[in-house]
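Worksheet for the structure shown next.
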Protein chains: 4
Amino acid sequence: MKKDKPKYRQIIDAAVIVIAENGYHQAQVSKIAKQAGVADGTIYLYFKNKEDILISLFQEKMGAFIEKMEEKLEGKKSAAEKLLLMIDMHFQMLSKDRHLAIVTQLELRQSNKDLRLKINEVLKGYLHVVDNILIEGRDSGEFSEDLDIRLARQMIFGTMDETVTTWVMNEQKYDLTALAEPVQKLLINGCEKR
Amino acid sequence: MKKDKPKYRQIIDAAVIVIAENGYHQAQVSKIAKQAGVADGTIYLYFKNKEDILISLFQEKMGAFIEKMEEKLEGKKSAAEKLLLMIDMHFQMLSKDRHLAIVTQLELRQSNKDLRLKINEVLKGYLHVVDNILIEGRDSGEFSEDLDIRLARQMIFGTMDETVTTWVMNEQKYDLTALAEPVQKLLINGCEKR
Amino acid sequence: MKKDKPKYRQIIDAAVIVIAENGYHQAQVSKIAKQAGVADGTIYLYFKNKEDILISLFQEKMGAFIEKMEEKLEGKKSAAEKLLLMIDMHFQMLSKDRHLAIVTQLELRQSNKDLRLKINEVLKGYLHVVDNILIEGRDSGEFSEDLDIRLARQMIFGTMDETVTTWVMNEQKYDLTALAEPVQKLLINGCEKR
Amino acid sequence: MKKDKPKYRQIIDAAVIVIAENGYHQAQVSKIAKQAGVADGTIYLYFKNKEDILISLFQEKMGAFIEKMEEKLEGKKSAAEKLLLMIDMHFQMLSKDRHLAIVTQLELRQSNKDLRLKINEVLKGYLHVVDNILIEGRDSGEFSEDLDIRLARQMIFGTMDETVTTWVMNEQKYDLTALAEPVQKLLINGCEKR
DNA sequence: GATGAATGAGCGTTCATTCAT
DNA sequence: GATGAATGAACGCTCATTCAT
């Protein structure tokens, strides 16, 4: 399996660094190869084409993240707790790897529609995690019984995404993880005075 | 003033159509010129360069939208009503112009960081509209008194954006405007049962 | 006659200034028109095309110069005196008009072969002046009897031209006219000790 | 070293031919690549840009020429002999390569000021050769003791250049090398009868 | 005569991908 | 498996010239 050979990860990690430091459109294959310490041609022994590097990058990082999250979520009882854990892990993952944050929030979005459709495919795993939390919360009576799962999921995703993107655009100047709890509260309670 | 001449709008409208139908990276200047019914060189009598077309496009469409919205908002009393009006107008604008929806939600995001920074500049006007609604709601006692304006704004923006993008990615198959009210309710009440 | 209308000279003078200040390749017709205070299209009422402006420029400036020189040369007796007068007038003309010097020595040479052939056509008048001085000197016994007129003319032209070009390239920092006499002596006596 | 690879010379030689046959402004990179038998992109593995081809062309041809000349000059005793050798070699180099003659005398002069400044830089090596001959001649008593080296150099350069340019403009119809001796005599003796 | 908006042909350069070694 | 030299398609922009007013 190619994915288990050291050069596979080497190239993906190089791609994250090169894209974060140079921007998507200045991340030429030759630069990634140089950063990875391999020849240009070697890239094509491990990836079908440049797009394949980016999809694989997303799959590797996001796949590992979702797996880890599902594990941890089992330890939590209420939907509210699960939601908080998810937001917190999401913010922590991106806080820890500033390169990855830039790549996922800014650079990878410059890819064309095709690539983004494939990225969405990967995101479906994440989506199911959110849906499960929401369904669980609705069925247990924690959340409103007529909660529209799809809309609620879009609110949760959209809010987290906007929060992280704003943080990246502000050059990661403040502590993102501190926002996990207030964001969770906001998502659960909404704006209204209670 | 160049902006008042018919060819200015002609070119911008052509750009929206060409970008929506061909994608950002396949929207060559010559294609836009052809669609607008002018010569390639004519473009440069009205715009500094290709990027300038895109910025102007965004300014024209968004600027007009924000203006119209501010006018209409004056007629509403409560913050909740204003929020609903804003979401509804936002969804209606993009529902009415399917090309514009594709361009703002998918294609324009492929632009480089520079262009996106300029787009964000334009968006600041929208941001103020949201902030004003939130502040008003908080001060009037409608919304929670310790509402974090910045976070709430990110939730509102993020949710609307995610909702529209999902709709566009699903090829605009369902009625987006029907979602305005449920989205507003969700933003105000959150997920929790009350 | 178009040449007698004020706009004809106006445009030529504008061309000299624009070319000297912006360089040959940055001397667009629209810039020349603006400098001349006329509309772009007006240029084409007085000149066939852009090349025609440059040829006319050269004809006007050089034609007037040659005429004036021929007049003055009549007052001189010896070929040596005539040679000195010619060199002196040549250096003075270009010393007085720094823009013209830049245009003839540097910028106009960037024109294509066709234009330069036409410029050479204009220069033939000058050439005859030199040839006449040389023939007169040879026949009067002042100059060597087996002087190769063509070679001698090339030496004189070449030396004057190189001297002026070097002066222009050195940003006209020293007094060119002071070189007229030493140059004439050098051309007459050569390098050898006598 | 890129300069030692065969394609480096191949491209330079192709540039000489293409420029000579099509003119400076019609010498597109794609034409040069085709003539050299390489792909367009290959040019950019050996040269920074189009201008770099032209500078390198000049450096290669002129650099080699000056080196060869300095070697041969050592075998000559008197300044007069050295001057003759230099003129002869200059005329022979350009006589042997008709394409190169066209390029250096006509086409390369159409380049912009930047390129010509770089060409002048290369010419400084040649300039030193001439200066050395003149100084030697003056110090040995062969040439006039109050010879102005700078002016004399301008005369020699100017005369050679004008002679070659006239020959090229006359489509190289006569034997240029036959003019080496008469030109040398003229430069040493001047016009005057002795 | 004068205007100036409109035209449209033309080209240097980049970079993902290949393939002989 | 690994290399890296070679490939060649693709495009934004300029500016001399025209012509309807």
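Only a predicted model underlies this, so the values are computations on that prediction, with no experimental measurement involved.
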Salt bridge check, B/D40 against B/K31: does any charged N sit closer than 4.0 Å to a carboxylate O? no
Any idea which of E/dG8, E/dA6, E/dC11 is nearest the B/Y46 side chain? E/dA6
Tell me the interatomic distance from B/Q10, atom CD, to E/dA5, atom P, rounded to whole angstroms. 16 Å
Taking atom P of E/dC15 as reference, at what distance in whole Å does atom CG of D/L45 sit? 13 Å
Considering only NZ, NE, NH1 and NH2 on the basic side and carboxylate oxygens on the acidic side, decide whether C/D4 and C/R9 come within less than 4.0 Å. no
Any chance you could encode DNA chain E as dot-bracket? Rule is Watson-Crick or G-U wobble with both distances under 3.5 Å; [ ] for pairs crossing earlier ones, | for another strand. .||||||||||||||||||||
According to the interplanar angle, ranging from 0 to 90°, do the rings of B/Y8 and B/F47 count as parallel (below 30°), tilted (30 to 60°) or perpendicular (above 60°)? parallel
To the nearest Å, how far apart are B/K34 NZ and F/dC11 P? 14 Å
D/I32 has an atom CD1; how far is it from atom C1' of F/dG8, in whole Å? 17 Å
Distance check needed: F/dG4 P versus D/K5 NZ, whole Å only. 11 Å
Between D/K118 and D/D52, is there a side-chain N and carboxylate O pair less than 4.0 Å apart? no
Contact pattern, 5' to 3', of nucleotides 16-21 of chain F - B, S or - by protein heavy atom under 4.0 Å: SBB---
Should B/T42 be listed as having a side-chain N or O under 4.0 Å from OP1 or OP2 of E/dA6? no
Going through the checks in order, is the side-chain contact (heavy atoms from CB on, under 4.5 Å) test met by C/I43 and C/K7? CA-CA 9 Å; C/I43 299 265; C/K7 288 194 179 163; over 6 Å; no
Reading DNA chain F from 5' onward, which residue's closest nucleotide shows up sooner: D/A39 or A/K7? A/K7
Which residue lies more 5' along DNA chain F, comparing D/I43 with C/Q26 via nearest heavy atoms: D/I43
Taking OH from A/Y8 and P from F/dA2, how many angstroms apart are they, rounded to a whole number? 15 Å
Taken to the nearest 0.5 Å, the spacing of A/E21 CD from A/E107 CD works out to 11.5 Å
Here the gap from A/I102 atom CD1 to A/I19 atom CD1, rounded to the nearest 0.5 Å, amounts to 11.5 Å
Figure out the CZ/C1' separation between B/F47 and F/dT14, and round it to whole Å. 18 Å
Can you see whether C/D161 engages C/Q105 through a side-chain donor-acceptor pair at a distance of less than 3.5 angstrom? yes
Separation between CD (D/E51) and NZ (D/K48), nearest 0.5 Å, reads 8.0 Å
